[in-house]
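Have a look at the structure below before the remarks.
The figures here come from the full heavy-atom set of this structure, side chains too, leaving out hydrogens, waters and symmetry mates.
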Amino acid sequence: MSELWKPEPRSEQVKALYAQAKPAVPLSVDILLEKARQQTKLDDWGSDDFIPRLEVLVNDINKHAKLNNLGMATAAKGMILDMVKGRLRLESLKKEYSVFLETPIKNPVFIVGGSRTGTTLLQRLLAADPANRSPRLWEMESVGTVASGDEERMKKAHDRTAMAQSMLHMLNPTMPAVHYSEADGPEECVIMMGTDIRNWALMSCFNVPEFTELLFQENFEKSYLRH
């Protein structure tokens, strides 16, 4: 029986990136939280109820994920740190732009389903209708910049996301066939909902069986309200 899929050989560019990666160091919840505070210069988490989930996730990655050096530095440390920093920034934005919280959102559409069941395709189809408005990937990664309305900052934020997508596709050229993404394309809510460490997409990035089991016990009502 022939194989359905196998990874393509790594390019010379990608091999060079892997060779330059520093030795992997286990994740630390305390270090992640402190780095988030230092890099954002913020310290209001809103509440600390996300920390027990973060502890399970971090322990699970350290114990089960078996990441290589580049994976630990980018996918683990970078991704999880971004989620934690996003929480701090969201709390700050809620104060700075409180008027937005007073604006009712009429008839929101939520697409709910498991991975590989066509939810992405349905979202892209709905987003293609001019009567609907789906957040773009670059917007979700730079919510504060979008809220500011500063065109120069928004251009820089857009270009950062576009560059990151190019890097992702260089490292993993088969990724677009699994889940296509681009800076200007509609993207799913997992980016926004990750700020409280309730994120089903993490299991598609890491082997995290204990964190996955925890999510099955979680109530996502607050996550959708935050989103």
Contacts under 3.5 angstrom, residues 96-107 side chains, donor-acceptor by atom type, not counting sequence neighbours:
unit_1	atom_1	unit_2	atom_2	d
T103	OG1	V99	O	3.4

Throw together a table of side-chain donor-acceptor distances under 3.5 angstrom for residues 70-78, partners on residues two or more places apart or in other chains.
unit_1	atom_1	unit_2	atom_2	d
T74	OG1	L70	O	2.7
K77	NZ	V25	O	3.3

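A salt bridge (Lys or Arg N to Asp or Glu O under 4.0 Å) check over residues 154-170, counting only residues at least two apart or in different chains, returns the pairs E152-K156, K155-D159. Every pair passing ring pair (Phe, Tyr, Trp, His ring centres under 6.0 Å) that includes a residue from residues 105-124 is listed here, sequence neighbours excluded: F110-Y224. Within the structure, every pair that satisfies the side chain to side chain donor-acceptor pair (under 3.5 Å) test and touches residues 126-144, not counting sequence neighbours, is listed here: Q123-S134, R133-E139, E141-T161. Pairs of residues two or more places apart, or lying in two chains, that qualify as salt bridge (Lys or Arg N to Asp or Glu O under 4.0 Å) and include a residue from residues 185-195 are R124-E187. Sorted by first then second residue, the salt bridge (Lys or Arg N to Asp or Glu O under 4.0 Å) pairs that include residues 51-66, not counting sequence neighbours, are R53-E218, K63-E210. Sorted by first and then second residue, the ring pair (Phe, Tyr, Trp, His ring centres under 6.0 Å) pairs with a member in residues 16-57 read W45-F50; sequence neighbours excluded. Pairs engaging residues 55-76 under the ring pair (Phe, Tyr, Trp, His ring centres under 6.0 Å) rule: none recorded [sequence neighbours left out]. For the ring pair (Phe, Tyr, Trp, His ring centres under 6.0 Å) condition, no pair includes a residue of residues 163-194, sequence neighbours left out.
A pairwise comparison of heavy atoms in M170 and V14 identifies O-CG2, 3.3 Å as the closest pair. Counting all heavy atoms, side chain and backbone alike, V84 lies closest to A36 at CG1-CB, 3.6 Å. The heavy-atom pair separating S223 from R198 by the smallest distance is OG-CD, 3.1 Å. Nearest heavy atoms, S181 versus L137: CB-CD2, 4.5 Å. Minimum interatomic distance between L93 and G144 (heavy atoms only, all atoms of both residues): CD2-CA, 3.5 Å. Here the shortest heavy-atom pairing between G114 and T117 reads O-OG1, 2.5 Å.
Taking CD from E34 and CG from D43, the interatomic distance works out to 10.0 Å, rounded to the nearest 0.5 Å. With rounding to the nearest 0.5 Å, the separation of NZ in K222 from OG in S47 is 7.0 Å.
Through direct or relayed side-chain contacts under 4.5 Å between Ile, Leu, Val, Met, Phe, Trp and Tyr, L126 connects to V109, I111, L122. Grouping Ile, Leu, Val, Met, Phe, Trp and Tyr residues whose side-chain heavy atoms lie under 4.5 Å apart, directly or via other members, leaves I31 alone, with no other cluster members.
Checking each of L202, V58, N59 against F211 for a side chain to side chain contact (heavy atoms under 4.5 Å, CB included) leaves exactly one that passes, namely L202. When each of D82, D44, D49 is tested with R87 by the rule salt bridge (Lys or Arg N to Asp or Glu O under 4.0 Å), just one qualifies, namely D49.
Side-chain atoms of H227 and T195, non-hydrogen and from C-beta on, never get closer than 4.5 Å to each other. Between L57 and V29 the shortest side-chain heavy-atom distance does not fall below 4.5 Å. Between L42 and E91 the shortest side-chain heavy-atom distance does not fall below 4.5 Å. Side-chain contact check for M154 versus T145: some heavy-atom pair is nearer than 4.5 Å. Annotation: side chain of D48 is in contact with side chain of I51 (closest heavy-atom distance under 4.5 Å).
Taken together through direct or relayed side-chain contacts under 4.5 Å among Ile, Leu, Val, Met, Phe, Trp and Tyr, M140 and W200 form parts of separate hydrophobic clusters. Hydrophobic clustering, with ILVMFWY side chains joined whenever heavy atoms are under 4.5 angstrom apart, keeps V143 apart from I197. Under the 4.5 Å side-chain contact rule for hydrophobic residues, L17 and L67 do not share a cluster. A continuous path of Ile, Leu, Val, Met, Phe, Trp and Tyr side chains, each step under 4.5 Å between heavy atoms, connects L214 with M79, placing both in one hydrophobic cluster. Under a hydrophobic-cluster definition in which Ile, Leu, Val, Met, Phe, Trp and Tyr are linked whenever side-chain heavy atoms come within less than 4.5 Å, directly or via other members, V112 and L121 are assigned to different clusters.
Around CE of M175, the count of heavy atoms belonging to other residues, nucleotides or ligands within 6.0 Å exceeds 12.
Here the side chain of S92 pairs no donor or acceptor atom with the backbone of L88 at under 3.5 angstrom. Judged by distance alone, the side chain of R116 and the main-chain N or O of V178 form a donor-acceptor pair under 3.5 Å.
Side chain to side chain, R89 and T40 fail the donor-acceptor criterion of an N or O pair below 3.5 Å.
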Practice task
Test D30 against S28 for side-chain hydrogen bond (donor to acceptor under 3.5 Å, both in side chains), laying out the working first.
Solution key: CA-CA 5 Å; D30 290 339; S28 161; 5.1 Å; no
